[in-house]
Amino acid sequence: MSDLLATLSNTGIAKQLGLPTVPTLRRHRPGDPLLAGPVLVAAVGEGRFAKAVTAFVEEQGVPALTAVGEDRLHGVVVDLSGARTLADLAAAQQILTPAVKRLGPSGRVLLIGAEPAEASGAEAAAVAQSLDGLVRSIGKELRFGATANLLVVTSDVTPAAIDSSVRFFLSARSAYVDGQVAHVAAPVGNPREPAEVDDPRAEEQPLAGRIAVVTGAARGIGAAIADTLARDGATIVAVDIPAAGEGLARTANRTGGTALQLDITASDAADRLLSHLADRHDGVDIVVHNAGITRDKLLANMTEDRWNSVLGVNLGAQLTINEALLAKGSPLHEAGRVVCVSSQSGIAGNRGQTNYAASKAGVIGMVRALAPRFAERGATINAVAPGFIETDMTAKMPVATREGGRRINSLKQGGLPVDVAEAIGWFGRAESGGLNGQVVRVCGQSMLGA
Ligand code: NAD
């Protein structure tokens, strides 16, 4: 169901009727620059990332400014990794206030802060934590599709370790990721050498040479994940149930990948998947647990069957396959990346979705518990939690529920399947080894569960 308000927003009729504006979000198109214009890069205290961010931005052909002038800004990066005192925080406000005034449509605010748990003293911890409230409030104030996000870094993190996250948050790939906080630690495994990252192919094909499994790839978000990872260079192994065989074959053909008809809840599913990967592809680099189902009913009317089928597909199958990936001799390569699809319902809860919300919250618990175990193998596991995404599922909602879902977020619209896929691609990069056990929402900064 198309978003009528968004369509009208770009016409004169909308102004005449006084309708609210729905911004057109800038999304990634191969060949486009990282940002269309200048970025302010500033540091407060002894920030150790500003220099590297400036160099990176300039390498992308984007001017990096050290002070706000007359130019419209397309991005603002403030390195607060060295901020310790309230005076440092006040200095940040002095930088941010004039900067956000000059920020253009689909602009980007990215703060880099220290890990509060590592701070020495209450003031430093308070200042580090304050960035959380600051960035979430900036996200709610920005207009015209601009976003604000925070990277929290541990003291052992080098500039190279945040490179893939800075790229993601500044670029159009993060169009629907707003008001989020991602924690970066020293990378697990062997990240790619900088020389390879500088390869001209690296930005357009950051997943070149990587094998990626996507479950539930026949349609919807899964099909978009397969398309997006393939666009970025990955070889796709598309998985779905036999009944979705036609859509599955279309995904495999479109992406030039292979199709595996498999019910992920079958007792031999993990064996069949891992054997397919070992025999046909010599292993796997990225596993995207996307397949999911809903069987909505109020808890008072919930049947055992509805409960078990949702928990089985959305959580049980992921637990079993992850154990198999962790087992000795598994085909998961070093720098392997497991990315799980959770949901805003798992964070905020949702009426009629006790089974679904329990399964999606369970995914978050699983990711956090397994992160250290994947790290031991030089791999990572993370989750994305989509909010309101324009799919067949949300098109079937009653009009009022659908309109509500679309508008109660900072970007005033639903996200697209590709927005979820882009966040998965960011976690999937070999250079993203500093992100482990993270849950990032792709929800346009939804007010639900925030
Ligand atoms: P969808 O129903 O369009 O697609 C899900 C796919 O998973 C289908 O192709 C289906 O055949 C497959 N699948 C179901 N059971 C399977 C099984 N046992 N084995 C293998 N494949 C199986 O759903 P979607 O909207 O694209 O959602 C994809 C994921 O995103 C799900 O995990 C969903 O919970 C999550 N999500 C969606 C939204 C949204 O707004 N659409 C919001 C939050 C989270």
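Numbering of ligands and ligand atoms starts at 1, following listing order.
Between Arg173 and Asp232 there is a salt bridge, since at least one side-chain N of the basic residue sits less than 4.0 Å from a carboxylate O of the acidic one. Using a 4.0 Å cut-off between charged side-chain N and carboxylate O, Asp227 and Arg231 make no salt bridge. At a threshold of 4.0 Å, the pair Arg402-Glu390 does not count as salt-bridged, since none of the basic side-chain nitrogens sits closer than that to a carboxylate oxygen. With salt bridges taken as basic N to acidic carboxylate O contacts below 4.0 Å, none links Arg373 and Glu376. Residues Asp163 and Arg167 are paired through a salt bridge, judged by an N-O separation under 4.0 Å between the basic side chain and the carboxylate.
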May I have the N/O to N/O pairs between ligand 1 and the protein that fall below 3.5 Å, each with atom names and distance to one decimal?
unit_1, atom_1, unit_2, atom_2, d
ligand 1, 2 (O), Arg219, NH2, 2.7
ligand 1, 3 (O), Arg219, NE, 2.9
ligand 1, 9 (O), Asp240, OD2, 2.6
ligand 1, 11 (O), Asp240, OD1, 2.6
ligand 1, 18 (N), Asp263, OD1, 2.8
ligand 1, 19 (N), Ile264, N, 3.0
ligand 1, 21 (N), Asp240, OD1, 3.4
ligand 1, 26 (O), Ile221, N, 2.8
ligand 1, 32 (O), Asn290, O, 2.7
ligand 1, 32 (O), Lys360, NZ, 2.8
ligand 1, 34 (O), Tyr356, OH, 2.5
ligand 1, 34 (O), Lys360, NZ, 3.1
ligand 1, 40 (O), Ile389, N, 3.2
ligand 1, 40 (O), Ile389, O, 3.4
ligand 1, 41 (N), Thr391, OG1, 3.0

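Side chains of Asp296 and Gln353: a donor on one and an acceptor on the other come within 3.5 Å.
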